[in-house]
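Residue numbers count from 1 along this sequence.
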Amino acid sequence: MMTEFFMIFALLSIWFSIIITLVVLFGAVHAIIQRFRVGGVNAIKPLPKYPKVTIIVPAHNEAIVIQDTVYALLHLDYPKESMEIRVVADNCSDETFKLAKAMSDRPEYKDFDIQIIKRTGTGGKAGVLNDVLEIATGDWICVYDADAMPQENALYFLIQKALEDEENYAAVFGRNKTRNYRQNFLTRCINLEIITTQKIHHIGLWHLFKIGRIPGTNFIIKTDFVRSIGGWDNGALTEDTAISFKIMQQNKLIALAQNSEAFQQEPETLQAYYYQRKRWAKGNYEVILDNFHHIFKRKSNWRIKLEMLYYTGTFFWFNVAILISNFLFIVNFVSMVTKLFYPSFVIPFTFGASNRQLSIILLVNWVLMFFIYLLQINIGLVSQYGQSTSKNLLYSIASYFTYSQLFIFVATNAFFSLMFDKLLHRDGSKWYKTQRF
């Protein structure tokens, strides 16, 4: 009885996951087709106004990348009199401050309002954002990570989108591309993940439900609004996800500006990847636990309920279902091999006496999951210039058996790490800085 329960749970969960994926995929494809038909979406036209923007760059030991980022910010196609740039060297033990200052002090940038700030406070990235929030004079706060290189029109497109509905858009986010994706197999898989997330999931959810999620970089948020909700959560592992839910609680929208693009560096080693993704997963688990009550709270709006279900499904339900499915597959496979040598051996996970029916059901589920996995990746690749190649197709196939399984391992490990943090009262907010290359 228990074995049948596990099998039914895994199979139904997988089918539910497939349905959700297809709905979001449909939304993304519909939005992409509409975008191609309209055309001219990248045209640069004068805006009705250019609100002042405070650009914040939190930087902790970022000497390797900080000058490229400062250079990119000083070349944004946005009126310099409407920008104030604050690069914060947060508790740095390297030459981040010195190198950023050397770039900003060049004679050609003397007319820019840019300050390089040394900081020794606490709170990590969120602490930096809150400190600058107190002194910001811009109408909007714009955040770029220290490794982010925004394209010239990135800020323009963010503001352009914000002006479409200033009343309801509390924040606007753009897209991020992997600038070092050619380095090795890992970076190519991360590139596929980011393309799928941004070209399929983000576009599909915004197009269908007007649901957006603030990423860690390349976004703007209203200064007055973020002050009204108390700013960012100091010490939060994923301050971007936490503030996204705060925005939805206020019945405001996080709009997607597809044209706004920035390049970011991704981990090039398994160790760097593991610590970064583990921190993200733990942060998302914390946000889920903090906001799970919205599913049952009558006053909570439908968007936050749907987003909460989406996060819960992704990080809890579907992960458990996949783990159970993998366990059933391994146990049955070993049992079938054993049965070849010992015919009386009983295969543990079956429906009644029909092993053939079970095999067909499991095979159909696996084929569907594999096909949809490849479909969403390759639709994302087709919609992004220069990414639809035969090499990326091969990488997408290989990533299913390697990279996607690695994510399950990291997410499971992060969950148990968070549980031990709670039980042992450990400080789980410690940051593991992403290694730069």
A.B. asks: Which atom names give the shortest non-hydrogen contact between Q387 and N392, and what distance separates them?
C.D. replies: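 Closest heavy-atom pair between Q387 and N392: O-ND2, 2.7 Å.
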A.B. asks: Are H75 and F112 near enough that their ring centres are under 6.0 Å apart?
C.D. replies: no
A.B. asks: Give me the ring orientation class for W302 and F209: parallel if the planes are under 30° apart, tilted from 30 to 60°, perpendicular past 60°.
C.D. replies: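 Because their plane-to-plane angle is over 60°, the rings of W302 and F209 count as perpendicular.
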A.B. asks: To the nearest 0.5 Å, what is the distance between CG (N153) and CD1 (I44)?
C.D. replies: 4.0 Å
A.B. asks: Provide the closest heavy-atom pair for Q67 versus M103 in the form atom of the first, atom of the second, distance.
C.D. replies: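 Reported closest heavy-atom pair: O-CE, 3.8 Å.
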A.B. asks: Could you check whether K278 makes a cation-pi contact with W280, meaning its NZ or CZ is under 6.0 Å from the centre of the six-membered ring and within 45° of the ring axis?
C.D. replies: no
A.B. asks: What closest approach, in Å, do I211 and R303 show between heavy atoms, and which atom pair accounts for it?
C.D. replies: CD1-O, 3.9 Å
A.B. asks: So, taking the atom named CG in L76 and the one named OG in S82, what distance separates them when rounded to the nearest 0.5 Å?
C.D. replies: 12.5 Å
A.B. asks: Give a yes or no on whether the backbone of L309 and the side-chain of T312 come within a donor-acceptor separation of less than 3.5 Å.
C.D. replies: no
A.B. asks: Can you check whether I195 reaches I377 side chain to side chain, under 4.5 Å on heavy atoms?
C.D. replies: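 Side-chain contact under 4.5 Å: no.
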A.B. asks: If you take all heavy atoms of W206 and A255, which pair is closest and at what distance?
C.D. replies: CH2-CA, 3.5 Å
A.B. asks: Please report the C-alpha distance between W232 and V226 in whole Å, then the side-chain angles of each, then the deciding distance to 0.1 Å, and finally whether the side-chain contact (heavy atoms from CB on, under 4.5 Å) criterion is met.
C.D. replies: CA-CA 8 Å; W232 284 266; V226 73; 3.8 Å; yes
A.B. asks: Provide the closest heavy-atom pair for T96 versus A63 in the form atom of the first, atom of the second, distance.
C.D. replies: OG1-N, 3.2 Å
A.B. asks: Between atom CG of D139 and atom OG1 of T223, what is the distance when rounded to the nearest 0.5 Å?
C.D. replies: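 Taking CG in D139 and OG1 in T223, the distance rounds to 6.5 Å.
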A.B. asks: Quick one: do the N284 and T241 side chains pair a donor with an acceptor below 3.5 Å?
C.D. replies: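 The answer is yes; a qualifying pair exists.
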A.B. asks: Of D240, D145, D233, which meets salt bridge (Lys or Arg N to Asp or Glu O under 4.0 Å) against K125?
C.D. replies: D145
A.B. asks: With no hydrogens and no angle check, is any side-chain donor or acceptor of N218 less than 3.5 Å from a backbone partner on P150?
C.D. replies: no
A.B. asks: Answer yes or no: is there a donor N or O on one side and an acceptor on the other, between the side chain of N61 and the main chain of S93, under 3.5 Å?
C.D. replies: yes
A.B. asks: If you measure from CG on L205 to CG on L306, what distance do you get to the nearest 0.5 Å?
C.D. replies: 7.5 Å
A.B. asks: Report, as yes or no, whether the 6.0 Å neighbourhood of atom CD on E167 holds more than 12 heavy atoms from other residues, nucleotides or ligands.
C.D. replies: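 Atom CD in E167 is not packed in, count stays at 12 or less.
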A.B. asks: Relative to each other, are the rings of Y400 and F370 parallel, tilted or perpendicular (30° and 60° limits)?
C.D. replies: perpendicular
A.B. asks: Out of curiosity, R175 CZ to N259 CG, how far, rounded to the nearest 0.5 Å?
C.D. replies: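 It comes to 9.0 Å.
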A.B. asks: Is there a side-chain contact (heavy atoms from CB on, under 4.5 Å) between I254 and S244 once you walk through the steps?
C.D. replies: CA-CA 8 Å; I254 305 168; S244 294; 3.8 Å; yes
A.B. asks: Can you see which heavy atom on L253 is nearest to which on K210, and at what distance?
C.D. replies: CD2-O, 3.6 Å
A.B. asks: Is the shortest heavy-atom distance from the side chain of D421 to the side chain of K282 under 4.5 Å?
C.D. replies: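 In short, these two side chains touch, coming nearer than 4.5 Å.
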A.B. asks: Quick check: F245 with H294 (ring centres under 6.0 Å apart)?
C.D. replies: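 Not close enough - the centres of the two rings lie 6.0 Å or further apart.
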A.B. asks: May I have the step-by-step check of side-chain contact (heavy atoms from CB on, under 4.5 Å) for M308 and Y311, ending in yes or no?
C.D. replies: CA-CA 5 Å; M308 195 67 255; Y311 265 87; 4.3 Å; yes
A.B. asks: I'd like to know if the side chain of N378 and the backbone of L381 have a donor-acceptor N/O pair within less than 3.5 Å.
C.D. replies: no
A.B. asks: Can you check whether I203 reaches Q258 side chain to side chain, under 4.5 Å on heavy atoms?
C.D. replies: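 Sidechains of Q258 and I203: in contact.
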A.B. asks: When you measure from the side chain of E261 to the backbone N and O of Q151, does any donor-acceptor pair fall under 3.5 Å?
C.D. replies: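 Not a single qualifying donor-acceptor pair exists.
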A.B. asks: When you measure from the side chain of D165 to the backbone N and O of N168, does any donor-acceptor pair fall under 3.5 Å?
C.D. replies: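 Yes; judged by distance alone, with no hydrogens or angles, the pair exists.
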A.B. asks: Looking at K222 and E166, does any basic side-chain N land under 4.0 Å from a carboxylate oxygen?
C.D. replies: no
A.B. asks: Can you check side-chain contact (heavy atoms from CB on, under 4.5 Å) on Q264 and K177, steps first, answer last?
C.D. replies: CA-CA 6 Å; Q264 64 185 17; K177 295 181 176 181; over 6 Å; no
A.B. asks: For F401, does the CZ atom sit with more than 12 other heavy atoms under 6.0 Å from it, leaving out its own atoms?
C.D. replies: yes
A.B. asks: Treating K52 as the side-chain partner and M83 as the backbone partner, does any N or O pair qualify as donor plus acceptor under 3.5 Å?
C.D. replies: no
A.B. asks: Verify the ring-centre separation between Y273 and F407: is it less than 6.0 angstrom?
C.D. replies: no
A.B. asks: Decide if atom CD of Q384 counts as having more than 12 heavy atoms of other residues, nucleotides or ligands within a radius under 6.0 Å.
C.D. replies: yes
A.B. asks: Supply the atom-to-atom distance T178 OG1 to I194 CD1, rounded to the nearest 0.5 angstrom.
C.D. replies: 3.5 Å
A.B. asks: Do the side chain of H207 and the main chain of A28 share a donor and acceptor less than 3.5 angstrom apart?
C.D. replies: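 No: the side chain of H207 does not pair with the backbone of A28.
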A.B. asks: Are R86 and D113 close enough that some pair of their side-chain heavy atoms sits under 4.5 Å apart?
C.D. replies: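 Yes. Closest side-chain heavy atoms under 4.5 Å.
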A.B. asks: Taking the side chain from R213 and the backbone from H202, do they hold a donor-acceptor pair closer than 3.5 Å?
C.D. replies: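 No, because the side chain of R213 does not come within donor-acceptor range (under 3.5 Å) of the backbone of H202.
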A.B. asks: Check this for me: does any side-chain nitrogen of one of D147 and R179 sit under 4.0 Å from a carboxylate oxygen of the other?
C.D. replies: no
A.B. asks: Could you check whether any side-chain N or O of T69 sits under 3.5 Å from a backbone N or O of A148, counting only pairs where one atom can act as donor and the other as acceptor?
C.D. replies: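 Present.
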A.B. asks: Looking at side-chain heavy atoms only, is the closest gap between I247 and I221 below 4.5 Å?
C.D. replies: yes
A.B. asks: Heavy-atom distance under 4.5 Å between the side chains of L270 and L406, does that happen here?
C.D. replies: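 Yes, close enough: below the 4.5 Å cut-off.
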A.B. asks: For a 4.5 angstrom cut-off between non-hydrogen side-chain atoms, does E268 reach L186?
C.D. replies: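 Sidechains of L186 and E268: no contact.
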A.B. asks: Test side-chain hydrogen bond (donor to acceptor under 3.5 Å, both in side chains) on Q376 and T21 and set out the steps.
C.D. replies: CA-CA 9 Å; Q376 62 179 345; T21 302; 5.3 Å; no
A.B. asks: L192 and side-chain contact (heavy atoms from CB on, under 4.5 Å): which partner among Y403, Y181, Y395?
C.D. replies: Y395
A.B. asks: Are side-chain heavy atoms of T122 and N91 found at a separation under 4.5 Å?
C.D. replies: no
A.B. asks: Just wondering, more than 12 heavy atoms not from F185 lying within 6.0 Å of its CZ?
C.D. replies: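 Check passes, neighbour count above 12.
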A.B. asks: More than 12 heavy atoms of other residues, nucleotides or ligands under 6.0 Å from CD of Q34: is that the case?
C.D. replies: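 Check passes, neighbour count above 12.
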